[in-house]
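The block underneath contains the structure these notes are about, expressed in structure tokens.
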Amino acid sequence: MSPAHRPVRRSLPWLLAALSMIGPFSIDAVFPAFPLVGARFGVDAAALQQLISVYLVTYAAMSLFHGAISDAVGRKPVVVAGLLVYALASVGAATSTSFAMLLACRGLQGMCAGAGLVVGRAVIRDSLEGAAAQRLMSQVMMIFGVAPVIAPMVGALLLPLGGWHGIFWLLAAFTVLLALALQLFLDETHPPARRTRFAPRPLLAGYLAFGRDRLFWPLLVSSSVNFAGLFLYIASAPHIVRGLLQLSAQGFPWLFLPVVSGLIGGAWLSGRMAERHSAKFTVSLGYAVMLLACAAHLLLALLLPVPRLPWSMLPLILHGIGVQLAFPTLTLLLLDRFPHRRGGISSVQAFASLLLCSFVAGVMSPLLSASMLHLALGASALTLLGALAWWWYHRITRYPLEQPLADTGTAAMQAEIAEPR
């Protein structure tokens, strides 16, 4: 029985969703602790922002290799080993005696955390095809959607108990338990017969093959930029909540609850639309909703120079819905450009997305978070770039994507992926 037709355990969506939660917890849980970390090490807000950008840069760099390694040795060993090293990095962060040590541990966290995101997407496509794969991707993203709102609240609750150190101790404990659960319950979805050799020359040849595929580039840009506009608000959460809204550490849910509501709602809609609408319709609708959200952000920023609750945060719901409508389908279309190198493709997608997010967190957020209008303009530019890439994808395809995703194997999915002229 091939991996694509092996029965999928009921625990798989929960395991993959838990893996995807590591990223939001690594980023969002530390936001409420920024003032305490700054006071402890005597650093300013710009330096504290590097706790996010350093994590994202190393996450992006190492993500280029997680998928290729999993193509060579299997999915499960890469994920479990990555989690255990991440746990050690979290212990190091909790016991840091200098800001430089804390940054180094954050970098090591980023190097390991990407294993779950990259390899998890490949596991989904290894296990299922067509609409079933889109539904599972949507289920994982729907469960994952609670992480961004839980993370800052958990971080805020831990501050009176264990200070900022407690956040990293919690991350260490969570990843150790998750590694144990994966070792017990995750099936290997990439058998030895389908593995490729991990070596510099074949790895480079694989990446060059990706680059020569004309449809790879617009799909990569569209799927990478898909989340960046919304992430600009997430990365700017400390400035928005504490600076613009003048709220305490307990005020983070005012930003994250709308984001999570939209992400969960969009993931649910994406799963419902898997067998009823074409890939073209689903992704185009997602970008239309995101552009509508950007228009609402701009209008409210002009009408309310001083942001006001809840109105200034409401467009985040629409933005989250649009992101999740488009993302599962874009990811599956990209993964199936090279069915035998899904780990490598997932690595490249994660690298591009995370590199962009590190730029958003390290450069755009500090420059634009002084006002909601600047943030709205930045999010609009990013979203428009993704929409143009999706339009570009259709300009260079011969056959329109008019058929719904179907459970008829790889051939059916390939019918969804137009070939270049």
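Since this is a predicted model, take the numbers as computed values, not measurements.
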**Message:** Does I317 form a side-chain contact (heavy atoms from CB on, under 4.5 Å) with V259? I'd like the steps, not just the answer.
**Reply:** CA-CA 5 Å; I317 299 176; V259 170; over 6 Å; no
**Verdict with supporting geometry, L373 and L302, side-chain contact (heavy atoms from CB on, under 4.5 Å)** = CA-CA 7 Å; L373 179 59; L302 292 171; 4.0 Å; yes
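- Sequence neighbours left out, the pairs with a member in residues 217-226 that pass side-chain hydrogen bond (donor to acceptor under 3.5 Å, both in side chains) are S222-Y287, S223-Q349.
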**Request:** Before giving the answer on side-chain contact (heavy atoms from CB on, under 4.5 Å), spell out for R337 and L215 the whole-Å C-alpha distance, their side-chain angles and the decisive distance to 0.1 Å.
**Result:** CA-CA 8 Å; R337 292 308 303 165; L215 294 184; 3.7 Å; yes
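- The CD atom of Q183 lies 9.0 Å from the CG atom of L84; values are rounded to the nearest 0.5 Å.
- Distance CD1/I52 to CZ/F231: 7.0 Å, rounded to 0.5 Å.
- Using a 4.5 Å heavy-atom cutoff, the side chains of M313 and P310 are not in contact.
- Inspection of the H239 and S236 side chains reveals no N or O donor paired with an N or O acceptor under 3.5 Å.
- Between the side chain of S270 and the backbone N or O of G266, no donor-acceptor pair lies under 3.5 Å.
- Under a cut-off of 6.0 angstrom, the local environment of CZ in F65 is sparse, with at most 12 non-hydrogen atoms contributed by other residues, nucleotides or ligands.
- Considering all non-hydrogen atoms of both residues, A18 and L178 come closest at CB-CD1, 3.7 Å.
- Other residues, nucleotides and ligands contribute only 12 or fewer heavy atoms inside 6.0 Å of the CE atom of M111.
- Side-chain contact between W390 and L330: present, with at least one pair of heavy atoms (C-beta onward) separated by less than 4.5 Å.
- L182 places a side-chain heavy atom less than 4.5 Å from the side chain of L19.
- Across every non-hydrogen atom of W164 and A33, the tightest pair is CB-CB, 3.6 Å.
- Within the 4.5 Å cutoff, side-chain heavy atoms of V225 are placed close to those of L356.
- In this structure a side-chain-to-backbone donor-acceptor pair under 3.5 Å is missing from K76 to D187.
- Expressed to the nearest 0.5 Å, how far CG of L318 lies from CG of L291 amounts to 11.5 Å.
- Ring geometry for H297 against H319 counts as tilted: the plane angle lies between 30° and 60°, on a 0 to 90° scale.
- Smallest separation of non-hydrogen atoms from T383 and G229: OG1-CA, 4.3 Å.
- Side-chain contact check for L83 versus C112: every heavy-atom pair is 4.5 Å or farther apart.
- Contact record, Y59 with A113: OH-O, 3.7 Å, taken as the closest heavy-atom pair.
- The closest donor-acceptor contact from the side chain of T175 to the backbone of A172 lies under 3.5 Å.
- Formation of a donor-acceptor pair under 3.5 Å by the R106 side chain with backbone atoms of Y55 is not found in this model.
- L186 CG to L16 CG: the interatomic distance, rounded to the nearest 0.5 Å, is 7.0 Å.
- Residues meeting the side-chain contact (heavy atoms from CB on, under 4.5 Å) test with L244, sequence neighbours left out: I240, P307, M372.
- Applying the side-chain contact (heavy atoms from CB on, under 4.5 Å) rule to A237 yields the partners F31, F252, L255, F256; only residues at least two apart in sequence or on another chain are considered.
- Across all their heavy atoms, V78 and A115 have their closest contact at O-CB, 3.9 Å.
- Distance CZ/F174 to CZ/F25: 6.5 Å, rounded to 0.5 Å.
- Considering every non-hydrogen atom in both A87 and V176, the closest pair reads CB-CG2, 3.6 Å.
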**Asked** Under the side-chain contact (heavy atoms from CB on, under 4.5 Å) criterion, do I22 and L171 qualify, and how do the steps go?
**Response** CA-CA 8 Å; I22 294 173; L171 289 172; 6.0 Å; no
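- Here CG of L108 is found 10.0 Å from CE of M62. Values are rounded to the nearest 0.5 Å.
- Side-chain contact check for L12 versus V123: some heavy-atom pair is nearer than 4.5 Å.
- The closest side-chain heavy-atom distance from L325 to V283 is not below 4.5 Å.
- Contact of the Q50 side chain with the L103 side chain is registered, since non-hydrogen atoms from C-beta on lie closer than 4.5 Å.
- In this structure, the side chain of Q109 does not engage the main chain of A89 through any donor-acceptor pair within 3.5 Å.
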